[in-house]
Amino acid sequence: MTTTWTAAALSQDVPAGTAAPGRLGDRDLAIWRSASGKIAAWADRCPHRGMRLSHGFVRGEALSCIYHGWRYGQTGQCIKIPAHPGLEPPDAIRVPAFAVAEASGVIWVADGAPATAPPAFEGFTGFRSLQVDAPASVVAEALGGKGDAIRAALGPTPAVALIQPLGPDRSGLHLLAPLSAAPEALDALSVAAEDLRRRAEAGQKGRAA
Amino acid sequence: MKLYDYILSPSCYKVRLMAAIAGVKLDLRPVDFHPGREHKTDPILALNPAGTIPILVDGALILTESSAMLTYLAALAAPGWLGDATPADRAQVEQWLAFSPRLTASCGGARLHDMLLMPGDIGALRASATRALRELEAALSARRRRGHSFLVGAIPTIADIACFPYVALAPDGGIDLGPYPSIRLWMRAIRGLPGFIEMPGIHRLHEASAEPAPEIGGTAG
Ligand code: FES
C-alpha cells in the first residue's frame with residue numbers, strides 16, 4: 001500500500017467534462033473532471049458489470065457508466081440506476097475512490113491519505129505525457145538522474161521530468177516546463193523527450209537481448 | 001452517388017462520415033466483404049480491379065481510394081473541409097492523407113487479425129501501430145499548444161476524417177489508446193462534430209445528447 005503521491009496524468013489532459021484512463025501501481029484508474037472542475041480518481045471498474053468507467057461520460061457533477069448508465073456522484077456513491085428510476089441506490093453501491101490533488105499542472109493520486117501535499121514545482125506546469133516501454137530506472141538513467149522527479153537537461157529550456165512506474169517494463173513520463181515557455185520551446189522539449197524515449201527503449205531492448 | 005459499402009469497414013465509414021457531414025446523400029450498396037468475399041467477385045472487380053472497397057461511383061466517375069473520395073465530397077459540398085486556405089495547410093492535408101494508409105496497415109491490420117482472424121504478424125502490426133500513433137500524438141499535442149483541436153488549420157478537415165476511424169478502432173486490434181491523451185481529446189472533438197454519424201464501435205458523445213426525460217415516479221428525497 002502506497003501512501004505517497006504518484007503523478008498519474010496532467011491537468012491539461014483531463015479538461016472539465018471528460019474522463020481518462022490512468023494507473024496507480026497495478027490498478028487501473030478512471031480520472032475524471034466534473035463540469036465545475038472537480039477532479040476525481042476512482043477504480044476503473046463499474047460496480048454493476050465491471051465496465052471501465054474511464055469510457056464513461058460526465059454530465060454536470062456526476063460520471064455515468066457507458067454500459068447501462070449507472071450514475072455516480074463525486075464520492076463514488078451510485079446516485080441513479082436508469083433501469084430502476086424509483087429506486088434510491090443502496091449505500092453499498094460505491095466505486096472505490098483514491099486521494100487526488102493537483103499541483104503544477106499535474107494530477108497526483110494516492111492510495112490512502114498522504115501526510116503531506118504533493119510536490120509543487122514553482123513556475124512550472126505539465127505540458128506533455130508520454131509512455132516509455134522501459135522501466136522507471138532506465139528512464140531515470142537516460143535522463144541522467146535518480147528518483148522519480150528529475151530536473152532534466154533536454155535543451156535550452158529547463159524541464160522537470162516525473163517518472164511513473166507502470167510495471168516491470170513500462171513507465172509514464174510526465175514533463176513540466178516553465179509557465180512562460182513559448183510553444184516553439186515546448187515543441188523542442190517534446191522532440192528531445194521523444195529522442196530520450198528512443199534511447200531508453202533501445203537500451204532496454206539491448207538489455208533484454 | 002453510389003457507395004459500395006461494408007458496415008464494419010473503417011475505410012467505408014470515412015466516406016459515409018464525410019458525406020453525412022457535407023450533407024451529400026449516398027446510395028449505399030452493401031458488399032458482403034465477410035464472409036462472402038464479394039469484393040473479389042467479377043462484378044466488383046469490373047469496377048475496381050484491385051478488389052478493394054469502398055468504391056464510389058458518381059456518373060462516369062469511379063473512385064477506389066477513400067482519400068480521393070473525401071476530397072471529392074468536400075470539394076462538391078463542403079469546400080472548407082479541404083483545408084487549403086494556405087499552401088502550407090494544403091500540403092499538410094496531403095501529408096495526413098498520405099499518412100493515413102499507415103494507420104490502415106497497422107491499426108487496421110491488427111484489427112483484421114484479431115476480429116476476422118486474418119493472418120499477420122500481430123507483434124509487428126502492433127509495433128508499427130505504436131510508431132504511427134506516437135507520431136499522431138506528438139503532432140496533436142503541438143496543435144493543442146497553439147489552441148487547435150484538429151490536425152490542420154483552425155477547423156476540421158478531410159485530414160481528420162482520413163485518420164480518425166482506424167485510430168478509434170485500434171482497441172479492436174489489442175492496441176491500448178490510454179497512452180495518447182491528445183489523441184483522446186481529438187477523437188472527442190470529432191465525435192462531437194455537427195453531422196457526426198456512428199459505426200459499430202464508434203459512438204457519438206453521449207454527454208452531447210439530451211438528458212433522458214425524467215421518469216414517472218422518481219426517487220423520493
Ligand atoms: S456495467 Fe456499468 S452500468 Fe452496467
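Within every chain, numbering begins at 1; the chains are lettered A, B, ... in the order of the sequence lines, protein sequences first and strands thereafter.
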Inset, instruction - Taking all non-hydrogen atoms of both residues into account, name the closest pair between B:R134 and A:Q131 and its distance. - result: NH2-O, 3.4 Å
Inset, instruction - Under 4.5 Å heavy-atom distance to chain B, tell me which part of A:A182 shows up: side chain, backbone, both or neither. - result: neither
Legend entry - Close side-chain approach of A:D13 to B:R144, heavy-atom, < 4.5 Å: yes
Legend entry - Inter-residue atom distance B:S141.OG - A:D187.CG, 0.5 Å rounding: 7.5 Å
Inset, instruction - Answer whether the closest heavy-atom distance between the side chains of A:L10 and B:P181 falls below 4.5 Å. - result: no
Inset, instruction - Check whether more than 12 heavy atoms from other residues, nucleotides or ligands sit under 6.0 Å from atom CZ of B:F196, and answer yes or no. - result: yes
Inset, instruction - Might you point out which heavy atoms bring A:G17 and B:R188 nearest each other, and give the distance in Å? - result: O-NH2, 3.4 Å
Inset, instruction - Identify which of B:A138, B:A142, B:G178 forms the greatest number of heavy-atom pairs closer than 4.5 Å to chain A. - result: B:A138
Inset, instruction - Determine whether more than 12 heavy atoms belonging to other residues, nucleotides or ligands lie under 6.0 Å from atom CD of A:E194. - result: yes
Inset, instruction - Against chain B, label A:Q12 side chain, backbone, both or neither, depending on which of its atoms sit under 4.5 Å from a heavy atom there. - result: both
Legend entry - Sub-4.5 Å side-chain heavy-atom contact between B:R146 and A:E184: yes
Inset, instruction - Tell me, for A:R197 versus chain B, whether the close heavy atoms (under 4.5 Å) come from the side chain, the backbone, both or neither. - result: side chain
Legend entry - Greater than 12 external heavy atoms within 6.0 Å of A:R52's CZ: yes
Inset, instruction - Given side chain to side chain contact (heavy atoms under 4.5 Å, CB included), test A:R128 with B:E137 step by step and report yes or no. - result: CA-CA 10 Å; A:R128 178 103 208 258; B:E137 171 72 18; 3.6 Å; yes
Legend entry - Ion pair check, A:R23 and B:D176, cut-off under 4.0 Å: no
